[in-house]
Amino acid sequence: MSPERLVPHNPATGQPLEPVDCTTPEGVREAVARARTAQRAWANTAADARARQVRALAQAIGDHADALGRSISEEMGKPIREARSEARSIAARVESFVRAADQALADDDGVESGIRMRVRWRPLGVVGVIAPWNYPVATPSNLLLSALLTGNAAVFKPSEYTPHTGALLHRLYAETLPEGLVGLVQGAAKVGAALVASDVDMIAFTGSIATGQAIMREAAATMKRLVLELGGKDPMLVLPGADLQAAARHAADEALRNAGQVCVSVERIIVHADVAAEFTRRVADLVRAVKPGDPREESTAFGPMASARQRDLVLEQLADARRHGATFVVEGQAQEPGYYLTPTVVTDLKPEMTLVKDETFGPVVAIQVARDVEEAVQLANDTRYGLGASVWGAPGPELDAVADRIEAGMVGVNRGLSTAAGGPWVGWKMSGLGYTRSVAGMRHFLQPQSQARRAE
């Protein structure tokens, strides 16, 4: 019997790309078994030796940034400059991962009531990494590097939308690291489900709430460790005293980056009534200047959406907003060939709109007006999501107090929310379970063991 096949498409043209064979259930089990064998030796390798190999891997990814960038652009439409930058980012951040892993692996020691307590941190074993399509190099590498530096092996499933990028990335892992330490499985939902059901010790997943819930149900049978990033509906609060041009630039950039297909995109802008008109005018002027282009061209800053399905989901939300009385300040249009959707600026939003309630993941600047700061905070927190947020206003204790009240795992104050070195990448509410990066994030990939003995 012929294996099932994936047929990815080029989002800029809509044309099919080379098919990829899906991994069979037996192939999933074999990849896990090979990783299990390789992990035993890897766990017994000194941490500094593991770090040297991971640094070499990060350098190899950077050295192949051109090839990886072309593959990312071809499979999911990211402009080539951003795609190359994504690949190069791994080498830039590897040292922060190494430092966090070193601290996470260190024993915790203490003495109390004549008893010395030592907490040892041990690798879990084999981690299943299920990656998304929007950052098909950076996101899986963040998880894979965390697993590897803490002494684990991994089996990696790329998104079914970016299988060629996943295969190229895996080749670099396979060429740099011990045989079998990082396995590759290809496929869609059935293959992901087979990986979750397999003999792995942990699943690290980035994707939708619905899939995350399905993973939790399956993982419960064997009590697998989970780290889940499940998307966001990130608010941006713009208050009196804010630098409106800087805030408008951030809103346009972060709502439209990667055609809005970023887990921490600015999805809801909540602007105080006193500055709403001026802020909206500035944002609209910036958005009107954005022009779609061929993602292969160096000059392109805004490319197509990754799939017809994702573009249609955004169009459905915009149609629902129109039915409920939204005002379209800048009206986006679907363009062909390919899966292009030009940017939209929409105001007069209502709580019942799907554009307000559900993750959009598309190039939409959605603006709500709040009467005062209290209402702005209430609107920001009125969501099941809680990944990221930002607050913009006059610097000082009052703005800091607003940031403290936002129910999100990461909050930027007069800036984006990108975490500084050492900070965790973490969601709140239904945006995730567990977290990554940082010492605490690394310890999700480790098992603590308490050892007690009489103090000498």
Side-chain angles (χ1 to χ4, degrees), residues 32 35-55 93-129 142-154 178 181 199-205 215-216 219-229 386 400 403-404 407-411 419-429 431-456:
V32 173
R36 178 82 58 198
T37 299
Q39 190 269 337
R40 297 186 185 103
W42 184 249
N44 289 322
T45 300
D48 60 346
R50 292 199 300 256
R52 283 195 296 272
Q53 292 190 62
V54 169
R55 289 188 182 100
R93 71 181 61 162
V94 68
E95 289 306 321
S96 67
F97 278 73
V98 170
R99 288 192 298 271
D102 284 345
Q103 294 176 60
L105 288 162
D107 292 349
D108 295 331
D109 287 296
V111 177
E112 185 173 346
S113 302
I115 301 297
R116 178 176 296 279
M117 178 63 70
R118 172 173 293 174
V119 180
R120 308 296 305 275
W121 295 89
R122 306 281 182 79
L124 285 174
V126 180
V127 180
V129 173
N142 288 339
L143 300 170
L144 290 166
L145 266 58
S146 298
L148 293 167
L149 286 166
T150 49
N152 298 286
L181 188 65
D199 184 33
V200 295
D201 302 284
M202 173 179 173
I203 293 292
F205 167 77
I215 289 171
M216 290 184 74
T222 52
M223 299 299 290
K224 288 182 173 71
R225 183 78 59 85
L226 297 176
V227 170
L228 309 174
E229 183 193 319
D400 293 341
D404 288 344
E407 295 170 356
M410 300 171 287
V411 182
T419 56
W425 187 266
V426 53
W428 194 322
K429 298 189 279 193
S431 279
L433 179 71
Y435 34 91
T436 56
R437 309 185 192 179
S438 77
V439 176
M442 287 287 177
R443 283 188 166 171
H444 276 300
F445 294 79
L446 294 164
Q447 174 63 48
Q449 182 188 63
S450 298
Q451 298 178 357
R453 54 180 55 83
R454 190 180 301 278
E456 298 177 356

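Given the structure is predicted, the values throughout are model-derived calculations rather than measurements. Quick note: residue numbers are just sequence positions, from 1.
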Exercise for review: I would like to know whether Val127 and Leu143 meet side-chain contact (heavy atoms from CB on, under 4.5 Å); could you show each step before the answer?
Suggested key: CA-CA 9 Å; Val127 180; Leu143 300 170; over 6 Å; no
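- Residues satisfying the salt bridge (charged side-chain N to carboxylate O under 4.0 Å, His left out) criterion with Asp108, sequence neighbours excluded, are Arg443.
- With sequence neighbours excluded, the residues that form a side chain to side chain contact (heavy atoms under 4.5 Å, CB included) with Arg50 are Trp42, Thr45, Ala47, Leu105.
- By the salt bridge (charged side-chain N to carboxylate O under 4.0 Å, His left out) test, Arg122 is found to be paired with no residue, residues two or more places apart in sequence or in another chain being considered.
- Of all non-hydrogen atoms in Met442 and Ala104, the two that sit nearest each other are CB-CB, 3.6 Å.
- Residues Pro123 and Thr150 form no side-chain contact, since every pair of their non-hydrogen atoms from C-beta on lies 4.5 Å or further apart.
- By the side chain to side chain donor-acceptor pair (under 3.5 Å) test, Glu407 is found to be paired with Lys429, residues two or more places apart in sequence or in another chain being considered.
- Partners of Asp102 under the salt bridge (charged side-chain N to carboxylate O under 4.0 Å, His left out) rule, at least two apart in sequence or in another chain, do not exist in this structure.
- Scanning for side chain to side chain donor-acceptor pair (under 3.5 Å) contacts around Glu112 gives an empty result, with sequence neighbours left out.
- The side chain to side chain donor-acceptor pair (under 3.5 Å) search around Glu229 returns Trp425, not counting sequence neighbours.
- Residues Gln449 and Gln451 bring a donor and an acceptor atom of their side chains to less than 3.5 Å of each other.
- Minimum heavy-atom separation, Ala440 to Tyr435: CB-CE1, 3.5 Å.
- Of all heavy-atom pairs between Trp121 and Pro448, the closest is CZ3-CB, 3.6 Å.
- Gly409 and Trp428 get closest at one heavy-atom pair: N-CB, 3.9 Å.
- A distance of 9.5 Å separates OG of Ser438 from CD of Gln103, quoted to the nearest 0.5 Å.
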Exercise for review: Might you work through the salt bridge (Lys or Arg N to Asp or Glu O under 4.0 Å) test for Asp201 and Arg36, ending with a clear yes or no?
Suggested key: CA-CA 10 Å; Asp201 302 284; Arg36 178 82 58 198; 2.6 Å; yes
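- Partners of Leu433 according to the side chain to side chain contact (heavy atoms under 4.5 Å, CB included) rule, which considers only residues two or more places apart in sequence or in another chain, are Met216, Leu226, Leu228.
- Residues satisfying the salt bridge (charged side-chain N to carboxylate O under 4.0 Å, His left out) test with Arg40, not counting sequence neighbours, are none.
- Every residue two or more places apart in sequence or in another chain that forms a side chain to side chain contact (heavy atoms under 4.5 Å, CB included) with Asn142 is listed here: Arg93, Phe97, Arg437.
- With sequence neighbours left out, Arg52 forms a side chain to side chain donor-acceptor pair (under 3.5 Å) with no residue at all.
- Scanning for side chain to side chain contact (heavy atoms under 4.5 Å, CB included) contacts around Ala153 gives Ala35, Gln39, Val126, Leu181, with sequence neighbours left out.
- A 4.5 Å side-chain heavy-atom check between Val98 and Leu149 finds at least one atom pair inside the cut-off.
- Across all non-hydrogen atoms, the minimal contact from Ile115 to Arg454 is CD1-CA, 4.4 Å.
- Here the straight-line distance linking atom CG of Leu124 with atom CD of Gln447 works out to 6.5 Å at 0.5 Å rounding.
- Using a distance-only test at 3.5 Å, with no hydrogens or angles considered, no donor-acceptor pair links the side chain of Arg453 to the main chain of Met117.
- The CG atom of Leu145 lies 11.0 Å from the CZ atom of Arg55; values are rounded to the nearest 0.5 Å.
- Between the side chain of Asn152 and the backbone N or O of Gly125, at least one donor-acceptor pair lies under 3.5 Å.
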